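To start, the structure itself, in structure tokens.
These numbers were taken from a predicted model, which means no experiment stands behind them. Atoms within a ligand are numbered from 1 in the order they appear, just like the ligands themselves. The first residue of the sequence shown is numbered 1, and numbering continues consecutively from there.
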Amino acid sequence: MTFKRNILVTGGAGFIGSHVVRLFVNKYPDYRIINVDNLTYAGNLANLKDIEKYQNYIFIKADICDFERMCDIVSQYDVDGIIHLAAESHVDRSIKDPFTFARTNVMGTLALLQAAKLYWESRPERYEGKRFYHISTDEVYGALELTNPEGTESPFTTKASSTLHHAYGTEFFLETTKYNPHSPYSASKASSDHFVRAYHDTYGMPTIVTNCSNNYGPYQFPEKLIPLFINNIRLRKALPVYGKGENVRDWLYVEDHARAIDLIFHKGTTAETYNIGGFNEWKNIDIIRVIIKTVDRLLGNPEGFSDNLITYVTDRAGHDLRYAIDSRKLQSELGWEPSLQFEEGIEKTVRWYLDNQEWMEQITSGEYERYYQEMYHNR
Ligand code: NAD
Ligand code: DAU
């Protein structure tokens, strides 16, 4: 069978990657999707059970830092597009183990860039019809001030704007905002973004970078705030709120991110950067209260039943105060908008985790428990 396109997705067994792979495999039966993931603690093939037997899907267990292997894969499958998501992604882990973040996020991205460069430059058509799409984060921009601590009405409107929609400051991250990363995670992502842009500027590689805000939804590893707290409420375990819970994040439903990736991969302008965000800022403590309320309601508990699980713990070192994305460039140039109101998205998400306890238990048994003890109980 010949395919119209051969697209390599890295990190496809992780949270966002699995949604991207699922979307592409279903939407483009004439594309071959090659998922390269070395299945770290965060990679889980159970995230892709529903599509694993599809004719246009291939999984390869490989480390993106293995340059020779990347060269082999890119040429063997005649790859013409790369959507690069593989990364170490958790800020708390980066504080404990920065080397692993530099290795995967910087050296891994460089290995992939160089493998693509060698293969594409060896072809008669060179970079014609090729695309290297690097998925990055808003954290590279640093942190914004919290000038409206009570939250004011957001200056942005979208079809999905929520009634609970707030802005906690007057500044927003733009594509032109200067990089100012603070954590080893964001520093490693910033570095990888620079390498990607350097491959465009130096070699003419057709690259694209997007910087997205916090994602939430099904299949997120339960070290991240939302799945961790949903599971802890269910198990009646403490909810470790860092600092005073005043930090602000801008939340986007993961399938809306995957839709944006699809659109930008196909329609985005080479060498451009696009910010992707939910126009949906929340203080941690407020989002935590919404999660508690939703889980209690769905479990049939009386209102306020789990409020006493909130436990204030030592703050994250260098904890960025506020992230808020201005994604109007993507909105006006390519017509993307978040499709889900936050109230809808969080309800869907809580239901999914409560209905998929087997998925959660497969992860939280064994190794995870050791990590969790170390990360939270010693705080
Ligand atoms: P994740 O931690 O859930 O998944 C990462 C995946 O990469 C895992 O499947 C893991 O096995 C794989 N991986 C790690 N190291 C690898 C290596 N050396 N070789 C091959 N595969 C490797 O991450 P996520 O939350 O899905 O994030 C995906 C990407 O999106 C990352 O680049 C992250 O920086 C970016 N991002 C995430 C968010 C978010 O809110 N989660 C927001 C913006 C951007
Ligand atoms: O902004 C995009 C980024 O969002 C991505 O690049 C990262 O890969 C992703 O992990 C996420 O980073 P955060 O650090 O914002 O996400 P996390 O879920 O770890 O934390 C969200 C907020 O909740 C943050 O302010 C820290 C706080 N928190 C987190 C945990 C895990 C707590 O208060 N308690 C917790 O136990």
Quiz item: Hey, is ligand 2 close enough to C212 that some N/O pair sits below 3.5 Å?
Solution: no
Self-check item: Residues E223, R93: salt bridge by 4.0 Å N-O rule
Solution: yes
Practice problem: Kindly identify the option in R322, H319, R316, R93 whose heavy atom sits closest to atom 17 (P) of ligand 2. | Solution: R316
Quiz item: Taking N or O atoms only and a 3.5 Å limit, does Y185 qualify as a polar contact for ligand 2?
Solution: yes
Quiz item: Under 4.0 Å from any heavy atom of T104, which atoms of ligand 1 are there?
Solution: 15 (N), 16 (C), 18 (N)
Quiz prompt | Distance filter under 4.0 Å to I135 heavy atoms, resulting ligand 1 atoms | solution = 30 (O), 32 (O)
Quiz prompt | Within reach of ligand 1, part of N211 (heavy-atom separation under 4.0 Å) | solution = neither
Exercise. Give the numbers and elements of all ligand 1 atoms closer than 4.0 Å to a heavy atom of D63.
Key: 17 (C), 18 (N), 19 (N)
Practice problem: Please indicate whether any nitrogen or oxygen in T137 is less than 3.5 Å from any nitrogen or oxygen in ligand 2. | Solution: yes
Quiz item: Any idea which protein heavy atom is nearest atom 2 (O) of ligand 1, and the distance to it?
Solution: S89 OG, 2.7 Å
Exercise. Could you tell me which atoms of ligand 1, counted from 1 in the order shown, lie closer than 4.0 angstrom to a heavy atom of N214?
Key: 40 (O)
Practice problem: Find all atoms of ligand 2 within a distance of less than 4.0 Å from any non-hydrogen atom belonging to D138, and give their numbers and elements. | Solution: 1 (O), 2 (C)
Quiz item: Around atom CD of Q357, are there more than 12 heavy atoms of other residues, nucleotides or ligands at under 6.0 Å?
Solution: yes
Quiz prompt | Under 3.5 Å donor-acceptor, R259 side chain and E337 backbone | solution = yes
Quiz item: Is the number of heavy atoms from other residues, nucleotides or ligands under 6.0 Å of K329 NZ greater than 12?
Solution: yes
Quiz item: V21 and L263: same hydrophobic cluster, using ILVMFWY side-chain contacts below 4.5 Å?
Solution: yes
Practice problem: Identify, for atom 31 (C) of ligand 1, the protein heavy atom at the shortest distance, and state residue, atom and that distance. | Solution: L85 O, 3.2 Å
Quiz item: Is the closest N or O pair between Y242 and ligand 2 shorter than 3.5 Å?
Solution: yes
Quiz item: Purely on distance, is any nitrogen or oxygen of L228 under 3.5 Å from one on ligand 2?
Solution: no
Self-check item: Sub-4.0 Å heavy-atom approach of E223 to ligand 2
Solution: yes
Practice problem: Kindly confirm or rule out an N or O of I64 lying under 3.5 angstrom from an N or O of ligand 1. | Solution: yes
Quiz item: Going by an N to O cut-off under 4.0 Å, is there a salt bridge joining R297 and E347?
Solution: yes
Quiz prompt | Qualifying residue for ring pair (Phe, Tyr, Trp, His ring centres under 6.0 Å) with Y216, from Y353, Y253, F229 | solution = Y253
Quiz item: Got an N/O contact under 3.5 Å between R249 and ligand 2?
Solution: yes
Quiz prompt | Minimum-distance protein heavy atom relative to atom 34 (O) of ligand 1 | solution = Y185 OH, 2.6 Å
Quiz item: Going by the atom numbers of ligand 2, which of them fall below 4.0 Å from some non-hydrogen atom of Y323?
Solution: 1 (O)
Quiz item: Does CE belonging to M107 count more than 12 external heavy atoms closer than 6.0 Å?
Solution: no
Practice problem: Would you mind checking which non-hydrogen protein atom is closest to atom 36 (N) of ligand 1, with the distance to 0.1 Å? | Solution: I16 CD1, 4.0 Å
Quiz item: Do the non-hydrogen side-chain atoms of D30 and F3 ever get within less than 4.5 Å of each other?
Solution: no
Self-check item: Pairing of K27 and D262 as salt bridge, 4.0 angstrom limit
Solution: yes
Practice problem: Could you list which atoms of ligand 1 come closer than 4.0 Å to a heavy atom of A62? | Solution: 19 (N), 20 (C)
Quiz item: Does G12 have a heavy atom less than 4.0 Å from any atom of ligand 1?
Solution: no
Quiz item: Is the closest side-chain heavy-atom distance between Y199 and L110 below 4.5 Å?
Solution: yes
Quiz prompt | Distance filter under 4.0 Å to L39 heavy atoms, resulting ligand 1 atoms | solution = 11 (O)
Practice problem: Would you indicate whether the side-chain heavy atoms of R123 and D78 approach each other to under 4.5 Å? | Solution: yes
Quiz prompt | Positive for side chain to side chain contact (heavy atoms under 4.5 Å, CB included) with I7, one of Y28, Y77, Y31, Y133 | solution = Y31
Quiz item: Between R316 and Y242, is NZ or CZ placed under 6.0 angstrom from the six-membered ring centre and within 45° of the ring axis?
Solution: no
Quiz item: At a 4.0 Å threshold, what atoms of ligand 2 neighbour a non-hydrogen atom of V241?
Solution: 33 (O)
Quiz item: Side chain, backbone, both or neither: which part of D320 comes within less than 4.0 Å of ligand 2 when only heavy atoms are counted?
Solution: neither
Quiz item: When you look for heavy atoms under 4.0 Å from ligand 2, do you find them on the side chain of V91, its backbone, both, or neither?
Solution: side chain
Quiz prompt | Parallel, tilted or perpendicular: ring planes of F15 versus H19, cut at 30 and 60 degrees | solution = perpendicular
Self-check item: atom 4 (O) of ligand 1 - nearest protein heavy atom and its distance
Solution: G14 CA, 3.5 Å
Quiz item: Does F173 offer a backbone N or O that forms a donor-acceptor pair with the side chain of T177 under 3.5 Å?
Solution: no
Practice problem: Using side chain to side chain contact (heavy atoms under 4.5 Å, CB included) as the criterion, point out the one residue from H134, E88, E139, H194 that pairs with K189. | Solution: H134
Exercise. Consider every N or O of Q220 and every N or O of ligand 1, then say whether any pair is closer than 3.5 Å.
Key: no
Exercise. Answer yes or no: are there more than 12 heavy-atom neighbours, outside F195 itself, under 6.0 Å from its atom CZ?
Key: no
Quiz prompt | Atoms in ligand 2 with a heavy atom of P240 nearer than 4.0 Å | solution = 32 (C), 33 (O), 34 (N), 35 (C), 36 (O)
Self-check item: Those atoms of ligand 1 less than 4.0 Å from some heavy atom in S136
Solution: 43 (C), 44 (C)
Self-check item: Proximal ligand 1 atoms for A86, defined as those under 4.0 Å from one of its heavy atoms
Solution: 7 (O), 21 (N), 22 (C)
Exercise. Using distance alone, determine whether K189 and ligand 1 share an N or O pair under 3.5 Å.
Key: yes
Self-check item: Numbered atoms and elements of ligand 2 in range of H90, under 4.0 angstrom, heavy atoms
Solution: 19 (O)
Quiz item: Are D37 and K61 ion-paired here, with the side-chain N under 4.0 Å from a carboxylate O?
Solution: no
Quiz item: Do D80 and K130 sit within salt-bridge range, that is, some charged N less than 4.0 Å from a carboxylate O?
Solution: no
Quiz item: Considering only protein heavy atoms, which is closest to atom 10 (C) of ligand 1, and at what distance to one decimal place?
Solution: T40 OG1, 3.2 Å
Exercise. Could you find the nearest protein heavy atom to atom 17 (C) of ligand 1 and give me its residue, atom name and distance?
Key: N38 OD1, 3.3 Å
Quiz item: Does a side-chain N-to-carboxylate-O contact under 4.0 Å join E361 and R234?
Solution: yes
Quiz item: Among protein heavy atoms, which sits nearest to atom 11 (O) of ligand 1, and what does the distance come to when rounded to 0.1 Å?
Solution: D37 OD1, 2.6 Å
Exercise. Ignoring angles and geometry beyond distance, decide whether C212 reaches within less than 3.5 Å of ligand 1 through its nitrogen or oxygen atoms.
Key: no
Exercise. Answer with side chain, backbone, both or neither: which part of K224 has a heavy atom less than 4.0 angstrom from an atom of ligand 2?
Key: both
